[in-house]
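Take a look at the structure below.
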Amino acid sequence: MVSINDVIKGDFEGKKAQIRGWIYRIRSSGGIVFAVVRDASGIIQVTVKKGNVVNEEFEEASKTLIESSVITEGRVVKDDRAPGGFEIQATKFEIVGKADVFPITKDKSEEFLLDNRHLWLRSRKLTNVMKVKASVLKAAREWFDKNDFYEMTPPLITTNACEGGGTLFDFDYFGREAYLSQSAQMYLEALIYSFDKVWSITPSFRAEKSRTRRHITEYWHLESEEAWVDNEGNMKTQENLIGHICKKVATEREEELKFLGRDVEDLKKIKPPFKRMSYDDASDLLQKKGYDFEWGDDLGAKEEREMTINEKIPLFIINYPKEVKAFYMKENLDDSRTYLCSDLLAPEGYGEIVGGSEREDDHDKLLERLKAENVDLKYYQWYLDLRKYGSVPHSGFGLGIERLVTWICKLDHIRDATPFPRTITRVYP
Ligand code: NSS
């Protein structure tokens, strides 16, 4: 048994090969059935000729519908008309799982495809996206390993709101209120005291009440936290990590990216250093361009798009006003209206993919902020403790994996960057 890709590579020309997979296309003409079979590695044409296989197998093959699973064996011959340049002339064609009429045909609505996501995942588009995503995850892990970060496993059930109460999923935890994690950040902060540099990849949950192209309610969150590192060092970590991911994905997934419309040369250009622009300058620029934008406003999708639509590499916007960012960030001593923080915007208008900052390491300042947030302080005692026992300058960030994949794969909507998207209106299948 070999993979289809091995056959397409030409290793089996003139020899016998056995493959297994699912029927992608099938038609018969006279005494021949032409089936295109796919497996995880690729597609190949199989010709089933009457007389070359046992009669029952030929009869079955002529009646078989797409998406049936099959084991087939035969001689591999070169054929320039076949997809991939080779075909298998079957001497065995065994249907393992007969398929009913496949419900997905051309021109189905987006809603129908989402209702049938479990089947639509077999499409070449989604298969290619998920392969790119797997390579993104592999590259990220590889980078953290090479750079001496420890991987951590923070909890997903918590009593802390890290990113504000507005998007928390709450639930009854044996009679107490608990939340699904919005971010591992606070727990990663606790871990730097013994590991210096940590990272994690976990699901994060956000009860996003609006429908947008870049929000899902459950996403994969890659987060990192480093002791002894300031906001500038934090940005360096981000650009080095993302540079590595882009380089790796460009070499490992060239074909998939091409199918999705992404030229790998674009990704090869994603090298550090990325551009940096202050929020002040971004605010002036947006005003000059006629946007209804005042200093102190947050950048929304529209503004982020404007900032990056003509960019080829990611752009950091740094030092946002305090009122639009979270309580845990460190004050910018050069301009106390702002924090030492950064958002990383993907090029070509895709917008924010990472949020990061230096963290407030002063106990009393952090306490003030928490009081202003109106949270129940008893749940933040442990977090304040971290500033009482050997507080240390530190920084970290969170990268939304699906946001990164949306940009890399040039997707219109973030839901296609995850196999079973969760949105305000969808939890099935
Ligand atoms: O809210 S963030 O901007 N920042 C944090 O959660 C920090 N506590 C992370 C940290 O410093 N450890 O979210 C970080 C990223 C953001 O840039 C997006 O890329 C992604 O998480 N994100 C999302 N992706 C998909 N869907 C939704 N709803 C979403 N919200 C954030």
Side-chain angles (χ1 to χ4, degrees), residues 133 136 140 144 149 152 154 156 158 160-169 179-192 197-226 229 231 233-235 237-238 241-242 245 298-301 304 308 314-318 320 324-330 339-346 350-360 383 394-408 411 413-418 421-426:
K133 190 178 191 180
V136 164
F144 281 116
F149 283 70
M152 296 289 138
L156 300 185
T158 177
N160 298 113
C162 186
E163 297 300 325
T167 61
L168 277 176
F169 277 112
Y179 313 120
L180 294 178
S181 172
Q182 293 172 313
S183 165
Q185 178 193 323
M186 296 167 73
Y187 296 101
L188 292 182
E189 285 185 65
L191 287 155
I192 58 166
K197 307 201 284 188
V198 294
W199 77 287
S200 64
I201 176 127
T202 61
S204 274
F205 302 91
R206 307 273 169 118
E208 302 284 355
K209 279 152 200 113
S210 51
R211 291 175 82 154
T212 78
R213 285 171 180 275
R214 53 186 208 155
H215 290 92
I216 40 184
T217 55
E218 178 187 295
Y219 69 96
W220 285 84
H221 204 173
L222 184 154
E223 293 175 271
S224 151
E225 202 69 32
E226 290 178 271
V229 165
N231 194 47
N234 193 37
M235 289 191 282
T237 301
Q238 293 168 54
L241 167 70
I242 290 171
I245 293 174
D298 200 1
L299 271 67
E304 289 182 357
T308 56
L315 168 71
F316 282 112
I317 308 280
I318 62 171
Y320 281 73
V324 299
K325 290 292 176 195
F327 68 92
Y328 50 71
M329 295 184 176
K330 192 172 174 72
Y339 283 140
L340 295 171
C341 65
S342 62
D343 275 4
L344 182 64
L345 312 187
Y350 281 88
E352 181 192 338
I353 51 173
V354 189
S357 72
E358 198 164 329
R359 316 306 192 188
E360 184 52 74
Y383 189 60
H394 65 287
S395 302
F397 64 86
L399 177 159
I401 292 291
E402 288 77 10
R403 293 257 183 110
L404 177 63
V405 170
T406 298
W407 158 54
I408 289 180
L411 303 176
H413 199 297
I414 192 170
R415 65 177 167 231
D416 284 341
T418 198
R422 299 303 180 228
T423 61
I424 184 168
T425 53
R426 183 162 293 280

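Order of appearance sets the numbers: ligands from 1, and atoms from 1 within every ligand. What you are looking at is a predicted structure, and each value in this text was computed from that prediction instead of being measured.
- Heavy atoms only, all atoms of each residue included: Val229 and Glu358 are closest at O-CG, 4.4 Å.
- Under 4.0 angstrom from ligand 1, the non-hydrogen atoms of Cys162 all belong to its side chain.
- The closest side-chain donor-acceptor pair between Gln182 and Thr167 falls under 3.5 angstrom.
- Between the side chains of Arg422 and Tyr219, no donor-acceptor pair of N or O atoms lies under 3.5 Å.
- Scanning for salt bridge (charged side-chain N to carboxylate O under 4.0 Å, His left out) contacts around Glu218 gives an empty result, with sequence neighbours left out.
- Of all the heavy atoms of Trp220, none lies under 4.0 Å from any atom of ligand 1, so neither backbone nor side chain is involved.
- For the 3.5 Å distance criterion, the side chains of Ser357 and Arg359 qualify, holding a donor opposite an acceptor.
- Backbone and side-chain nitrogen or oxygen atoms of Leu399 are examined, and none is located within less than 3.5 angstrom of a nitrogen or oxygen of ligand 1.
- Counting heavy atoms closer than 4.0 Å to ligand 1, residue Arg403 contributes side-chain atoms (C-beta onward) but none from N, CA, C or O.
- Nearest protein neighbour of atom 15 (C) of ligand 1, counting heavy atoms only, is Gly398 O, 3.5 Å.
- Between the side chains of Tyr187 and Thr158, at least one donor N or O lies within less than 3.5 Å of an accepting N or O.
- Every heavy atom of Glu225 sits 4.0 Å or more from the atoms of ligand 1.
- Nearest to atom 1 (O) of ligand 1 by heavy atom, out of Gln182, His221, His215, Arg206, is Arg206.
- If you look at Tyr219 next to ligand 1, the close heavy atoms, those under 4.0 Å, all belong to the side chain.
- Within the structure, the closest approach of Glu208 to ligand 1 falls below 4.0 Å when heavy atoms are considered.
- In this structure, CD in Glu225 is found 9.5 Å from CZ in Phe397, a value given to the nearest 0.5 Å.
- With 3.5 Å as the limit, one finds a donor-acceptor pair spanning the side chains of Glu223 and Ser183.
- Nearest protein heavy-atom neighbour of atom 12 (N) of ligand 1: Glu223 OE2, 2.8 Å.
- Counting heavy atoms closer than 4.0 Å to ligand 1, residue Ile353 contributes backbone atoms (N, CA, C, O) but none from C-beta onward.
- Centroid-to-centroid, the aromatic rings of Trp199 and Phe144 come within less than 6.0 Å.
- Contacts between Thr217 and ligand 1, counted as non-hydrogen atom pairs separated by less than 4.0 Å, are absent for every part of the residue.
- In terms of protein heavy-atom proximity, atom 7 (C) of ligand 1 is nearest to Glu163 OE2, 3.1 Å.
- Protein heavy atom closest to atom 17 (O) of ligand 1, with residue, atom name and distance, is Glu352 OE2, 2.5 Å.
- At a heavy-atom distance under 4.0 Å, only side-chain atoms of Arg359, from C-beta outward, approach ligand 1.
- Cation-pi check for Lys325 over Tyr320 is met; the charged atom lies under 6.0 angstrom from the ring centroid and within 45 degrees of its normal.
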